[in-house]
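Everything on this sheet refers to the single structure shown next.
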Protein chains: 2
Amino acid sequence: MTQQAGNMAGQKVQRQTGVALWRQIADRIRTSINHGDFDDTGMVPPETVLALQFGVNRHTIRSALAALAQEGIVRAVQGRGTLIERKERLSFPISKRTRFSQGIGDQVRETRSVLLAATEEAASAELARQLKIKTGTRLVRLETLGQADNRPVSRATNWFPADRFGAIAEVYRTTGSITKAFRELGVPDYVRVVTEITATHADEGDLADLQLSPGAIVLITQALNTDLDNVPVQYSVSRFAADRVRFTIEN
Amino acid sequence: MTQQAGNMAGQKVQRQTGVALWRQIADRIRTSINHGDFDDTGMVPPETVLALQFGVNRHTIRSALAALAQEGIVRAVQGRGTLIERKERLSFPISKRTRFSQGIGDQVRETRSVLLAATEEAASAELARQLKIKTGTRLVRLETLGQADNRPVSRATNWFPADRFGAIAEVYRTTGSITKAFRELGVPDYVRVVTEITATHADEGDLADLQLSPGAIVLITQALNTDLDNVPVQYSVSRFAADRVRFTIEN
DNA sequence: TATGGTTGTCTATATCAATAGACATTTTGA
DNA sequence: TCAAAATGTCTATTGATATAGACAACCATA
């Protein structure tokens, strides 16, 4: 709080950083919308007011609002103001039993997971170390897209040992759930052993799959799941749109 | 892995996004350096090669490298190449017993925490809800800077109920540790109840305190600590330089 | 219906970002 | 010692970014 919220206009924008003012301002306004700062009116402050608050020209504000309109977040109405069309920020619990759909199930109407691609490959040294197998072991690799209310939230690359889960692609395609696929393949339950979190700028794949605006931030989790016998069953790298999610760690 | 590493040059840069090409490229090169992609030579590829890989003019590459040189990450030597001066990424474990100095103690030679400011204020509605106290209750607020090997890693704002911890500022100033300060004030141990993680762009304060370059990403944790009787003793908002840390959640 | 507040559009100007090409300077190694 | 390879510097041009001002068009409401 205090440090990041509410006082949207408190912090000045940064010039000559390689990031255009209109983009910085668009990001800040989007964050404020998601934080509920304008919920009382349902509208963004007038352009002239924003220009004064951010210390920039009104045209620069208009560029920022145009970008947000392009994303479908706001809609300008001549004579009235700029209306807020949509806001979202999901809270993702990370715990021993982290599961995509269950975790955010009470925050959205519908969650879905789409299989983008399924291939088989040999384990790299890094993957072998994580999954505690030998380098070169066959792995099934699934590229998936997590959706909440038909809006993309995360894109993930998942690796499974092929000997146990060679058929997981097909099972997943029908069930649309890792948990259910595991169950059908003889893994009744699994636990999250470790999660690593980093952040970076969105790459081209993020922009396309997550429908992000360029320059956006993605949160990256690298996670290992094991079955109840502590045998690694899944290693996954997931990329989340940073302005759509927050992670919560309960101990 | 796979998704984010190695293929630095595989993805093209994005034009007309409000983020200058030289900044995108600087961020990508920095990531590659931190990932160890150039460890064999200790140098960044030649400007002409990078220009070809990223599909931009050599002068644009030079702008990116100049920005990294400004950060002290690389140093160009005429006739030889561009040498890598520094790389680091600390791993932060987040668990029931998260503590700054203990968590990364084995990764660096020396950790220190500096008190930037200490004030007293009334609890806002948000803070009161987190700390389970009444709005308006007096709180001690500490602004601290976490350092590892004399390089700033995180800046935090901490709130403590003033009735129990009115003297924490002075104790902290002498001990340089929250854990020790708690101990002197009658709290032998404390646990991390919940941590929330989000990400955003660095603001002006981040740039100054964390010695970041403009456009950098910060990871934000909002955490609540309680004593062993489950009574909240500390609420803190910490901001980490995203390219210097990774969070690890062990279950 | 008149007025104030708001978004939309136009012109003009200055600076930044990016490309393009030429050539100098320095280091390395054959 | 010479040539190749690398960074350094300069000029020139184009498009994106940002500012500035003026005015039109539209909406709500007193």
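Computed over heavy atoms, backbone and side chain alike; hydrogens, waters and symmetry mates excluded.
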Quick one: does [X] reach the base of [N] with a side-chain donor-acceptor pair under 3.5 Å?
X       : N      : answer
B/Gln78 : C/dT27 : no
B/Arg58 : C/dG21 : no
B/His59 : C/dA17 : no

Comparing A/Met43 with A/Gly18, nearest DNA chain C nucleotide closer to 5' gives the residue A/Met43
Euclidean distance, atom [atom1] of residue [X] to atom [atom2] of [N] [Å, nearest integer]:
X       : N      : atom1 : atom2 : result
B/Asn57 : D/dA12 : CG    : C1'   : 13 Å
A/Leu21 : D/dA20 : CG    : P     : 12 Å
A/Arg23 : D/dT17 : CZ    : C1'   : 13 Å
B/Glu47 : D/dG8  : CD    : P     : 6 Å
A/Ile61 : C/dT6  : CD1   : P     : 14 Å
B/Leu83 : C/dT26 : CG    : C1'   : 14 Å
A/Arg75 : C/dT6  : CZ    : C1'   : 15 Å

Of A/Val56 and A/Val77, whose nearest nucleotide on DNA chain D comes first from the 5' end?
A/Val56
Distance, nearest 0.5 Å, that separates CD1 of A/Ile33 from CD of A/Glu85
10.5 Å
For the atom pair CZ (A/Arg239) and CD1 (A/Ile220), what is the distance rounded to the nearest 0.5 Å?
4.0 Å
Tell me whether the OP1 or OP2 atom of [N] has a side-chain N or O from [X] closer than 4.0 Å.
X       : N     : answer
B/Arg80 : D/dA6 : no
A/Thr82 : C/dT6 : no
B/Arg62 : D/dG8 : yes

Tell me which nucleotide among C/dA18, C/dT7, D/dT7 gets nearest to the side chain of B/Thr60.
C/dA18
Nearest to the side chain of A/Trp22, heavy atoms from C-beta on, is which of C/dT7, C/dA20, D/dA18?
D/dA18
Using modelled atom types only, decide if a donor and an acceptor are shared between the side chain of B/Gln24 and the backbone of B/Val19 within a distance under 3.5 Å.
yes
Only one of B/Val44, B/Val49, B/Leu50 forms a side chain to side chain contact (heavy atoms under 4.5 Å, CB included) with B/Ile61, so which one is it?
B/Leu50
Do other residues, nucleotides or ligands put more than 12 heavy atoms under 6.0 Å from the CD atom of A/Gln70?
no
